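Take a look at the structure set out below.
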Amino acid sequence: MKKYLYLLVVLIALGIACRKDNNDSGKPAFEIKSFWPNSGNAGTIVTISGQGFGAKAGDNEVDFNGTPARVVDVRDSMLIVLSPETGKTGVVSVKVGDKKLDLGTYTYQQLSLRNVSPLNGPAGTNISIRGEGFSSLNAPARVTVNGKASLVTSVNDTLLVAAVPEAAGSGKIAVTVDGKTVTGPDFTFQRINSIKPLTGGAGTQVAINGEGFSNVVAGNTVAFNGKNATVVSATASQLVVTAPAGVATGPVSVMINGQKTIGNTFTVVPSPVIKSVTPLSGPAGADVVIKGEYFSAFADEVVVTFNGKTAVLTSAAEKQISVKVPAGAGTGNVVVTVNAQTTDGPVFKEQQLSVIQLLPDNGVEGTDVTINGLGFSTVPSDNVVLFNGTPAAVLSATATQLNVKVPVGTSTGAVIVRSGGLEAIGPVFTKSGVITIAGGSTQNLFNFPTAITVDKQGNVFVADGNKIMKVTPAGVVSLFAGDVAAGYVDGTGAQARFSYPNTLAIDKQDNIYVCDANNKRIRKITPAGDVSTYAQLGFYPTGLGLDKDEVIYVGMQYSNISKLDQFGNATKLANGYESPTGPIAINNNGVVFFASDYSYNAVFQVVNGVRTTYAGSSYGYRDGPYNTALFGMPTGVVYDRQSNRLYTIDNNAVRMMADGQVTTITGWQGGFTPVSGSQDGSLSTATFNGIMALCVDNEGNIYVAERGNKSVRKIILK
């Protein structure tokens with residue numbers, strides 16, 4: 001028994017040793033991948049690619065249709081042989097040890113290849129093919145790459161130059177002359193199919209998908225707008241790279257063996273900007289909306305964490321992300337990462353109490369506001385509501401909704417709710433909306449208001465018929481200059497006379513300029529009420545504006561705009577048949593903006609003496625990009641130098657032009673049939689009746705004069 005056991009151990013040991021010897025030989029299996037060229041004269045150099053060849057030339061037997069060939073060089077993956085002098089057309093074979101493989105047919109003929117360069121590249125790459133027998137008197141030589149015809153740009157008996165065709169793919173290079181064909185080496189076709197992401201910054205990891213890349217990381221050189229990036233991983237169809245420090249917007253390129261392929265443009269964008277997170281508290285699974293800039297519409301490019309816990313994205317866009325609060329978020333910062341660029345946001349609390357929405361989110365003292373959220377007490381007095389620190393009265397309460405009034409003395413800031421020992425920070429409530437400063441349809445403080453302006457102290461001046469009225473910030477109305485009767489008289493206060501003043505403008509010293517239409521003059525009123533004539537005009541004036549240097553621009557009836565020099569002489573700026581009506585705006589760059597009479601549905605600009613349409617396309621009402629927005633009857637344009645915004649009147653609304661978009665600020669109710677009214681309140685609920693003129697103060701607030709309501713009203717935007 002012991003003898004058999006001993007014998008078994010010996011056999012197992014021998015088997016293990018044999019397997020170890022086989023595995024440790026390190027020699028790859030004998031395999032032939034390709035050979036080229038497959039035709040030529042005797043003595044042609046033929047390259048055979050594969051593996052498992054003998055270490056020395058004599059260890060490899062090669063024959064051409066039975067005739068031995070000389071092996072002149074051997075390498076790990078290559079044999080180089082000469083086609084034998086006495087060989088005949090037929091199969092080429094290679095034998096190593098006791099194993100023999102047939103390669104394919106070699107044809108003895110004049111046509112042959114010796115060298116091809118380069119052997120990789122994108123469409124359009126010029127390949128130089130060297131050999132013999134390329135000339136023909138019958139037909140030009142034909143070159144294919146992977147079976148696809150290439151454009152031959154140069155040919156002689158020993159050299160062909162051909163361009164790699166579009167979408168060629170990787171495969172054999174072949175030359176055909178007079179019905180004879182010779183195949184050469186494989187050409188590796190390079191192409192970039194996609195790059196993702198296409199936006200980001202230094203450190204952004206980018207996947208480049210395509211074909212013909214090197215499997216070796218070091219074999220690929222990737223550049224972003226000419227600046228080399230770090231290649232993290234490489235396969236034949238995908239490269240993963242890291243955008244380099246100092247990356248700039250520009251094309252992404254891949255270079256392999258000196259051959260460059262250019263892909264799409266990578267656009268450098270700043271780190272994401274978080275403008276708001278709503279709500280700032282809530283339970284796990286609650287919906288949270290993050291608004292800002294430089295996000296991504298591709299969800300896989302965005303990561304949001306709450307106190308380090310990754311949230312599930314429910315939607316993604318360039319300026320808004322929606323997520324669900326992850327379980328275990330606790331209390332900590334919301335962090336947004338877009339394509340490796342990270343920005344910290346505000347602190348979020350995982351709790352039952354949350355403020356989700358304010359309706360409306362703007363208004364003035366006394367505005368009714370509905371607060372939507374979670375975890376409120378159903379007893380109104382058990383909920384404390386603060387508008388930027390000022391307590392508000394809670395009128396009614398449910399577990400998900402509070403109804404409150406905006407308190408007196410409120411200012412723009414976050415709304416905070418306290419209930420059940422918890423505190424929830426809500427969205428910002430903007431102190432904005434519409435209030436009546438003076439007048440009203442039944443008070444008859446004004447009769448026929450046509451123009452308005454405001455000084456640095458907040459005093460408002462209104463052209464009313466032939467009078468200029470003054471309205472203090474407290475709403476006290478008094479006569480400032482002129483009288484009911486029309487006329488032309490310079491003087492102080494009520495001694496002066498005007499005839500249909502249609503536009504007012506004010507300079508930095510609070511001097512008021514009056515477009516005195518029927519008198520065809522520009523008049524000047526000092527803060528003390530002294531009226532003098534600034535310029536006598538040779539045309540009927542329809543509007544007025546001052547630039548930052550207090551140069552005066554005047555609208556000309558049916559003749560565009562003129563510019564006045566210090567002596568009151570007028571120079572026409574541009575050709576056109578418009579009558580620039582009401583206030584004319586001139587921005588900080590000297591561009592002039594105006595709205596014409598009721599025949600036009602657009603706002604125009606004058607740049608370097610050329611009048612073009614700035615915003616608006618045809619009659620209607622539609623916000624949106626300048627070239628697609630619709631206007632009804634825009635009247636007058638004013639410019640806020642601090643915010644770089646333009647405002648115009650359109651029917652019973654005030655509309656803004658900024659950042660390429662037309663936006664309705666307030667007043668338009670009823671769609672294409674504007675509704676008249678006199679309601680103060682939030683921007684979204686206020687109504688107007690016959691707005692005739694507008695102006696903007698140094699704080700960005702807008703004042704309007706209304707004919708229908710016989711009033712002066714203030715639109716608070718900050």
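Computed from a predicted model, the values in this text were never measured in an experiment.
- Taking the six-membered ring for Trp and thresholds of 30 and 60 degrees, Phe387 and Phe429 have ring planes more than 60 degrees apart, a perpendicular arrangement.
- A donor atom on one side chain and an acceptor atom on the other are found under 3.5 Å apart for Tyr488 and Thr533.
- A donor-acceptor pair is defined here as one N or O able to donate and one able to accept, closer than 3.5 Å; no such pair exists between the side chain of Tyr703 and the backbone of Gly458.
- Rounding to the nearest 0.5 angstrom, the gap separating the OG1 atom in Thr390 from the CG atom in Leu386 is 8.0 Å.
- A donor-acceptor contact closer than 3.5 angstrom is absent between the side chains of Thr472 and Asn459.
- Crowding of Tyr294 atom OH: a count of heavy atoms from other residues, nucleotides or ligands under 6.0 Å not exceeding 12.
- Remark: Lys456 NZ to Asp697 CG distance equals 12.5 Å, nearest 0.5 Å.
- Taking 4.5 Å as the limit, some side-chain heavy atom of Leu402 sits within range of a side-chain heavy atom of Val385.
- Although no hydrogens or angles enter the test, the distance criterion places no donor-acceptor pair under 3.5 Å between the side chain of Asp659 and the main chain of Gln661.
- In this structure, the separation between OG1 on Thr666 and CZ on Arg655 is 12.5 Å, given to the nearest 0.5 Å.
- By the 6.0 Å contact criterion, CD on Glu318 is enclosed, its count of non-hydrogen atoms from other residues, nucleotides or ligands being greater than 12.
- No side-chain N or O of Asn362 forms a donor-acceptor pair with one of Lys431 less than 3.5 Å apart.
- Of the possible donor and acceptor atoms, one in the side chain of Thr542 sits under 3.5 Å from a partner among the backbone N and O of Pro580.
- Ring geometry, Phe448 versus Tyr500: the interplanar angle falls from 30° to 60°, so the pair is classed tilted.
- Using modelled atom types, one side-chain atom of Asp464 and one backbone atom of Asn447 make a donor-acceptor pair closer than 3.5 Å.
- Interatomic distance, Ile522 CD1 to Ser532 OG, rounded to the nearest 0.5 Å: 12.0 Å.
- Looking only at atom types and distance, the side chain of Asp530 has a donor-acceptor partner in the side chain of Thr492 under 3.5 Å away.
- Side chains of Tyr534 and Arg523: a donor-acceptor N/O pair is absent below 3.5 angstrom, by distance only.
- Defined by atom type and a distance below 3.5 Å, a donor-acceptor pair is present between the side-chain atoms of Ser684 and Ser682.
- When atom types are taken as modelled, the side chain of Asn466 and the backbone of Val484 share a donor-acceptor pair closer than 3.5 angstrom.
- Taking the side chain as every heavy atom from C-beta outward, Thr249 and Thr265 approach each other to under 4.5 Å.
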Applying side chain to side chain contact (heavy atoms under 4.5 Å, CB included), run through Ile716 and Ile435 and close with a yes or a no. CA-CA 8 Å; Ile716 303 168; Ile435 60 174; 4.1 Å; yes
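- For Tyr614 and Phe593, the ring centers sit closer than 6.0 Å to each other.
- For the residue pair Arg641/Asn588, the side-chain donor-acceptor check at 3.5 Å is satisfied.
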How far apart are the C-alpha atoms of Phe604 and Phe594, what are their side-chain angles, what is the distance that settles it, and do they pass the ring pair (Phe, Tyr, Trp, His ring centres under 6.0 Å) test? CA-CA 5 Å; Phe604 299 97; Phe594 68 90; 5.4 Å; yes
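- Scanning both residues, Val551 and Leu564, for their nearest heavy atoms gives CG1-O, 3.6 Å.
- At a threshold of 4.5 Å between non-hydrogen side-chain atoms, the residues Tyr647 and Arg645 count as touching.
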Residues Lys563, Asp547; criterion salt bridge (Lys or Arg N to Asp or Glu O under 4.0 Å); working and verdict: CA-CA 10 Å; Lys563 180 178 180 180; Asp547 68 13; 5.4 Å; no
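- Interatomic distance, Ile452 CD1 to Leu504 CG, rounded to the nearest 0.5 Å: 8.5 Å.
- Side-chain contact between Thr278 and Val288 is absent, with no heavy-atom pair separated by less than 4.5 Å.
- A salt bridge between Arg713 and Asp680 is present, with a side-chain N of the basic residue lying under 4.0 Å from a carboxylate O of the acidic one.
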Run the side-chain hydrogen bond (donor to acceptor under 3.5 Å, both in side chains) test on Asn444 and Lys710 for me, step by step, so that the C-alpha distance in whole Å, both residues' side-chain angles and the decisive distance to 0.1 Å come before the verdict. CA-CA 7 Å; Asn444 295 318; Lys710 298 181 180 180; 3.0 Å; yes
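- Salt bridge absent: Lys405 and Glu365 never bring a charged side-chain N and a carboxylate O closer than 4.0 Å.
- At a cut-off of 3.5 Å, with distance as the only test, a side-chain donor of Ser396 or Asn403 sits close to an acceptor on the other residue.
- No hydrogens or angles considered: a donor-acceptor pair under 3.5 Å links the side chains of Glu706 and Ser711.
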Quick one: do Lys470 and Ile468 satisfy side chain to side chain contact (heavy atoms under 4.5 Å, CB included)? Show the steps, please. CA-CA 7 Å; Lys470 179 179 179 179; Ile468 309 298; over 6 Å; no
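- Counting heavy atoms from C-beta outward, Gln401 and Thr370 have side chains that approach closer than 4.5 Å.
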Decide side-chain hydrogen bond (donor to acceptor under 3.5 Å, both in side chains) for Asn651 and Tyr621; before the verdict, give the C-alpha distance in whole Å, the side-chain angles of both, and the deciding distance to 0.1 Å. CA-CA 10 Å; Asn651 287 310; Tyr621 168 68; over 6 Å; no
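- The closest side-chain donor-acceptor pair between Asn518 and Tyr540 falls under 3.5 angstrom.
- Residue Ile371 holds its CD1 atom at 10.0 Å from CG of Leu359, rounded to the nearest 0.5 Å.
- Between the Thr581 side chain and the Ser579 main chain, a donor and an acceptor come within less than 3.5 Å of each other.
- When side chains are defined from C-beta on, Asn511 counts as touching Pro527, because their heavy atoms get closer than 4.5 Å.
- Between the side chains of Asp623 and Thr664, a donor-acceptor pair is found at a separation under 3.5 Å.
- No side-chain donor-acceptor contact under 3.5 Å links Asp483 to the backbone of Gln495.
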Val704 and Val654: CA distance, side-chain angles, deciding distance, side chain to side chain contact (heavy atoms under 4.5 Å, CB included) verdict: CA-CA 9 Å; Val704 298; Val654 175; 4.2 Å; yes
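- Judged by distance alone, with hydrogens and angles left aside, the side-chain atoms of Asp650 form no donor-acceptor pair with the main-chain N or O of Ala653 at under 3.5 Å.
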Could you give me the CA-CA distance, side-chain angles and deciding distance for Asn388 and Ser411, then say whether side-chain hydrogen bond (donor to acceptor under 3.5 Å, both in side chains) is met? CA-CA 6 Å; Asn388 199 25; Ser411 58; 2.8 Å; yes
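- Between Phe498 and Ile525, some side-chain heavy-atom pair lies under the 4.5 Å cut-off.
- Side chain of Asp455 to backbone of Gln457: a donor-acceptor contact under 3.5 angstrom is found.
- Formation of a donor-acceptor pair under 3.5 Å by the Asp565 side chain with backbone atoms of Asn569 is found in this model.
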Using side chain to side chain contact (heavy atoms under 4.5 Å, CB included), reason through Leu479 and Lys467 one step at a time and then give a plain yes or no. CA-CA 7 Å; Leu479 177 67; Lys467 300 178 293 183; 3.8 Å; yes
